[in-house]
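Since the structure is predicted, the reported quantities are computational estimates derived from the model, not experimental observations. Every chain is numbered from 1, with letters handed out A, B, ... down the list of sequences.
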Amino acid sequence: MTDTHNPPTAELPAAYDPSAVERKWQARWEERGTNHTDLSGPRPYYTLMMFPYPSAEGLHVGNLFAFTGNDIHGRYQRMRGHTVFEPLGYDAFGIHSENYALKVGVHPTELIPRNIANFRRQLRRAGLMVDWRYELSTTDPAYYKWTQWLFLQLYKRGLAYKKKGAVNWCPFDKTVLANEQVINGACERCGTQVEQRFLEQWFFRITDYAGRLLDNLDRLDWSESTKTAQRNWIGKSEGAELSFRVQDFMEFAGSATATGGGASGEVTAKPVDITVFTTRADTIFGATFLVLAPEHPLVEELTTSEQRGEVDAYRAAAARQDIVTRKVNKEKTGVFTGAYAVNPATGKPIQIWIADYVLMEYGTGAIMAVPGHDERDFEFARKFGLPTPRVVGRDAHDTAPPTDAAFTENVSGVLVNSAPFNGLTVPEAKHAIVAWLAERGAARPVVQYRLHDWCISRQRYWGPPIPIVYCDACGPVPVPESELPVVLPPLEDFKPDDSGVSPLARDEAWYRVPCPRCGKPARRETDVSDTFLDSSWYFLRYPSAGRDDVAFDPEITRRWLPVNSYIGGNEHAVLHLLYSRFVTMVLHDAGLLAFEEPFTRFRAHGTIIREGAKMSKSRGNVVNPDEYVERWGADAFRTYLMFLGPYEEGGDFRDQSISGVRRFLDRLWASVHEAVRDGEPDAAVMRKLHQTIRKVTDDIPALSYNTAIAAMMEYVNVLRAHERRPHAAEVAPLVQLVAPFAPHAAEELWEVLGHSSSVFDGGWPAFDAALAAEESVTVAVQVNGRTRGTVQVPKDAEQPAVLEAAMAEPTIAKFLTGSPKKVIYVKNRLLNVVV
RNA sequence: GCGAGAGUGGCGUAAUUGGUAGCCGCGCAGGAUUUAGGAUCCUGUGCCGCAAGGCGUGGGGGUUCGAGUCCCCCCUCUCGCACCA
């Protein structure tokens with residue numbers, strides 16, 4: 001066999017050497033400012049990637065996967081004529097960094113800059129189109145000055161407040177843990193059982209925005225999975241608050257033993273109601289007892305003397321439980337308080353219990369138990385021998401109490417044993433009963449959210465100090481904006497301790513300050529704020545990075561925000577993305593932003609596993625990008641990451657498979673170097689080229705990077721299959737298509753093709769439908785729905801011609817016995833003959 | 001338990017959205033070149049079968065001329081949330 005593909009040895013081009021090419025172009029980009037964004041340029045396009053936490057291990061392949069996908073999008077938008085802004089920074093504050101610093105015994109002020117330097121090196125090797133002039137780190141006082149400013153804006157608007165809250169406390173590490181750091185009731189670091197503590201904490205009133213955060217989702221161009229996660233997290237439920245009067249119980253107002261003031265020993269008393277939240281007001285006739293959370297404030301007063309001992313013991317046990325253990329499904333427990341309340345629908349007295357399956361944080365901390373129609377109440381009633389009457393049936397005759405399980409049908413069910421509402425459907429009865437009770441002041445419709453206010457206090461060291469000063473005379477006083485930043489002191493011993501207060505409380509010289517209002521001695525807040533506050537506004541900062549006078553410049557912000565495209569991991573579907581939306585809304589309401597949603601478009605990328613298993617240090621299967629970049633080149637590595645699976649789903653990283661992508665780049669390299677300018681391009685090749693342009697142009701904005709790469713590989717195979725040198729016109733557009741994926745190689749090949757400016761300023765290849773059109777098509781021929789062969793016919797051929805061609809094909813014709821009963825013809829695609 | 005998503009060759013994946021299942025890549029087999037290895041190039045590669053043909057997209061049923069795709073039931077896996085009244 002003769003091999004005419006390769007030109008004679010003398011003409012062989014230099015082999016593709018990625019490390020040389022990549023070094024050359026990274027230097028040249030730097031020199032020429034190729035990646036610098038002119039913020040006043042035309043058609044601004046802001047593409048954002050979730051900034052990394054600079055870990056000591058260095059860049060994770062997952063980071064690179066995320067960033068490469070963003071970078072391709074940004075480079076593509078630039079080639080389409082936008083001025084693209086693609087910034088990157090470091091989310092370097094927080095418990096991760098601090099814990100690591102503790103572990104290795106290096107102070108974070110030393111460790112973090114070292115990690116950032118390593119990240120910066122790795123990121124630059126990856127060839128991202130990032131304008132590093134706008135790089136930022138959340139640990140920089142010039143940044144967190146404005147994080148503190150942001151806190152003050154919320155404080156000013158009454159959206160930041162302090163209250164006692166339950167927190168997770170690890171007795172071994174002597175620190176507060178976030179809920180995410182508690183795994184099955186144990187500390188994620190040391191495995192110690194976590195305890196519950198009550199500490200004074202700063203909260204943001206995100207619940208005030210629950211409705212808007214939910215409603216706006218409908219209008220956002222975001223991944224559906226992310227929107228669903230936010231909807232579930234916000235957890236809207238529409239129901240009613242119902243009042244149950246406590247029997248024979250009065251709350252005494254005023255004092256029976258009034259001292260002075262001419263009190264006459266008069267006693268005023270008012271009846272006490274227990275308010276419950278329910279979404280099933282229709283079942284009130286079946287409410288046979290009430291259950292209060294153990295912490296419910298009324299429990300203390302309600303409990304009868306006979307029940308006191310048992311109730312107190314139960315409450316004490318509940319208080320000892322940590323938050324997580326309490327939430328796992330377990331057998332129902334509870335105690336009767338000895339008190340009774342009146343069911344407002346039946347007028348009958350019902351028992352009041354306490355049980356830890358009722359949560360104080362949700363609704364009113366009290367429920368009406370309807371054991372016939374709620375699984376949890378059923379289980380509880382079962383355990384304590386309480387009745388489970390039926391008030392909703394499959395039909396009007398279905399009146400016997402449920403025996404095996406609660407009957408929870410809430411749409412088609414019909415009311416029974418609930419005169420005068422018998423016969424109504426559940427939805428009808430909900431309205432009717434709430435209206436009926438409301439007339440007597442015993443009900444009001446209520447919308448409940450499961451979203452809680454955002455606790456931003458951290459009793460830790462490595463974060464921005466919360467800018468508040470406590471003064472005995474003035475109370476809590478915000479630090480004046482002109483005095484920001486409140487700089488984090490260089491504390492030698494930053495280890496958290498058992499005291500439940502931040503290590504900053506050890507630095508007396510730091511926390512003792514005069515009150516900003518009255519000048520008397522006062523003390524600083526020693527808690528720092530949550531890392532999620534740092535990241536809730538970083539996208540506002542980038543275009544104004546370096547500005548000392550404002551958090552974000554109004555003019556620049558008007559031009560560059562909201563963000564056009566945001567791509568990131570779905571692990572931030574709720575926290576970071578929800579907090580960012582909240583902060584943006586607050587700043588909008590404060591008149592500081594014109595928009596209330598920060599990210600016009602968000603897409604969640606997938607995750608990468610390795611050879612079928614999750615990557616983890618313990619498995620020892622973590623990909624170190626440096627090794628791969630070294631061996632295959634950044635371009636091949638980037639392209640492989642984009643090729644290994646659908647970007648929004650992720651995929652399986654297999655070392656062997658990179659070679660295929662590298663071969664593709666080698667073949668591309670050879671084709672460009674062999675290209676000739678004489679003569680005409682081949683029509684069939686040009687047809688395939690334009691089909692490829694169409695495919696890649698459609699696929700990139702849809703993030704279908706893997707199929708775009710497959711299409712380009714197919715085209716290269718076509719180029720190489722012809723026993724001729726390719727024409728320059730056949731390869732130049734391919735270099736442009738490849739450029740977002742393999743930017744260094746593309747620049748080099750673009751130069752080889754005679755261009756002196758960057759391929760990223762050379763536009764995007766135009767698709768020509770006429771050139772892409774096929775003149776003949778392959779039509780599948782089926783007989784009775786089974787494929788029996790294909791025929792080649794002119795494009796847009798009509799049915800009779802195709803049928804005739806099919807009959808002429810012996811392998812098909814032998815199945816066409818007798819006259820066709822029916823013929824289905826799909827133009828250019830398929831002919832199905834039913835005989 | 002609830003919510004979201006996914007099950008396709010030996011493997012990673014693709015399928016014009018109801019129209020030839022398996023594009024592209026890895027791997028594998030044979031061949032060319034090479035002192036050898038590597039690299040490169042060519043050919044083949046879903047399964048059974050010498051072939052004709054049959055079978056085939058987690059399992060079972062259905063709709064349709066036609067189903068990976070639509071409908072019903074079941075199984076498995078991944079990721080969230082988890083006593084939210």
Side-chain angles (χ1 to χ4, degrees), chain A residues 1-6 15 224-229 231-233 235 237 239 276-280 283 291 324 326-330 332 355-359 361-370 374-377 379-380 448-452 570-571 573-574 606-607 609 611-612 614 640 643-646 648-661 663-664 666-667 670 695 698 704 706-714 716-717 720-721 778-790 811 814 820-835:
Chain A
M1 179 174 295
T2 57
D3 183 358
T4 55
H5 296 193
N6 291 327
E224 272 313 311
S225 60
T226 311
K227 293 208 271 186
T228 305
R231 284 192 188 103
N232 293 341
W233 189 262
S237 40
V276 304
F277 173 73
T278 181
T279 55
R280 293 295 307 274
T283 61
V291 185
V324 176
R326 169 147 168 193
K327 283 185 175 172
V328 303
N329 238 322
K330 57 169 188 187
K332 295 282 177 288
D356 67 1
Y357 82 93
V358 175
L359 308 174
E361 315 90 76
Y362 184 76
T364 61
I367 62 154
M368 66 174 197
V370 185
D374 180 278
E375 282 172 36
R376 296 151 302 182
D377 299 343
E379 206 187 310
F380 191 82
Q448 249 329 310
Y449 296 96
R450 46 195 305 188
L451 183 68
H452 290 4
N570 231 0
E571 69 273 16
V574 282
T607 48
I609 56 172
E611 329 242 300
K614 215 181 239 174
Y640 174 62
F643 181 64
L644 58 71
E648 289 176 84
E649 286 166 36
D652 196 358
F653 188 100
R654 288 182 183 258
D655 292 30
Q656 277 186 328
S657 303
I658 305 178
S659 60
V661 172
R663 267 197 274 272
F664 160 65
D666 284 335
R667 286 151 64 83
K695 175 83 178 142
D698 287 346
S704 300
N706 56 332
T707 53
I709 295 164
M712 291 188 284
M713 287 175 166
E714 247 185 277
V716 168
N717 290 346
R720 307 298 294 169
T778 307
V779 172
V781 181
Q782 298 183 334
V783 179
N784 294 336
R786 310 182 69 109
T787 304
R788 295 300 182 182
T790 60
T811 53
K814 71 179 175 190
K821 284 201 199 92
K822 190 173 175 185
V823 178
I824 293 109
Y825 177 58
V826 183
K827 196 179 263 184
N828 299 330
R829 231 175 261 308
L830 171 135
L831 181 79
N832 186 9
V833 184
V834 184
V835 294

Symbol by symbol from the 5' end, with Watson-Crick or G-U pairs under 3.5 Å, [ ] crossing and | another strand, RNA chain B is (((((((..(((......[....)))((((((.......))))))(((....)))..(((((..]....))))))))))))....

Could you pull out every donor-acceptor pair under 3.5 Å between side chains of residues 779-788 of chain A and any protein atom, sequence neighbours left out?
residue : atom : partner : partner atom : Å
A:Q782  : NE2  : A:T787  : OG1          : 3.4
A:N784  : OD1  : A:V835  : N            : 2.9

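Relative to the side chain of A:M713, the nucleotides B:rU20, B:rC65, B:rC24 differ in distance, and B:rC24 lies closest. The nucleotide whose nearest atom lies closest to any side-chain atom of A:V834 is, among B:rC65, B:rG27, B:rG25, B:rC65. For A:V826, the listed nucleotide lying nearest its side chain is B:rG19; candidates were B:rG27, B:rG19, B:rA85. Closest approach to the A:T778 side chain among B:rG27, B:rU20, B:rA85 is made by B:rU20 (side chain taken as heavy atoms from C-beta onward). If you check B:rC24, B:rA85, B:rC26 against the side chain of A:S657, the one that comes closest is B:rC26. Comparing B:rA85, B:rG12, B:rU40 against the side chain of A:R663 picks out B:rU40 as the nearest.
A search for side-chain hydrogen bond (donor to acceptor under 3.5 Å, both in side chains) contacts involving A:S659 returns nothing, not counting sequence neighbours. With sequence neighbours excluded, no residue satisfies side-chain hydrogen bond (donor to acceptor under 3.5 Å, both in side chains) with A:Y825. Evaluation of the side-chain hydrogen bond (donor to acceptor under 3.5 Å, both in side chains) rule for A:R667 yields A:N717 as partners, not counting sequence neighbours. Scanning for side-chain hydrogen bond (donor to acceptor under 3.5 Å, both in side chains) contacts around A:R654 gives A:D652, with sequence neighbours left out. For the salt bridge (Lys or Arg N to Asp or Glu O under 4.0 Å) test, no residue two or more places apart in sequence or in another chain qualifies with A:E649. Every residue meeting the side-chain contact (heavy atoms from CB on, under 4.5 Å) condition with A:D666, not counting sequence neighbours, appears here in chain and number order: A:Y16, A:R662. Partners of A:F643 under the ring pair (Phe, Tyr, Trp, His ring centres under 6.0 Å) rule, at least two apart in sequence or in another chain, do not exist in this structure.
Among the atoms of the strands shown, base atoms are found under 4.0 Å from some heavy atom of A:F643.
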A correct 5'-to-3' footprint of nucleotides 46-57 of chain B, with B, S and - meaning base, sugar-phosphate only and no protein heavy atom under 4.0 Å, is ------SSSS--

Once each nucleotide of nucleotides 3-10 of chain B is scored for protein heavy atoms under 4.0 Å, what B/S/- sequence comes out, 5' to 3'? SS------

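A:Y357 OH to A:L359 CG: the interatomic distance, rounded to the nearest 0.5 Å, is 11.0 Å. Residue A:F653 holds its CZ atom at 4.0 Å from CD1 of A:I658, rounded to the nearest 0.5 Å. Going from atom OG1 of A:T707 over to atom CE of A:M712 covers 9.5 Å, rounded to the nearest 0.5 Å.
With its glycosidic angle within 90° of 0, B:rU17 adopts the syn conformation.
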Quick test: give all pairs of protein nitrogen or oxygen and nucleotides 15-17 of chain B nitrogen or oxygen below 3.5 Å, distance rounded to 0.1 Å.
residue : atom : partner : partner atom : Å
B:rU16  : O2   : A:R829  : NH1          : 3.0
B:rU16  : O2   : A:R829  : NH2          : 2.9
B:rU16  : N3   : A:R829  : NH1          : 2.8

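The residue among A:R280 and A:A711 whose nearest nucleotide of RNA chain B is located toward the 5' end is A:A711.
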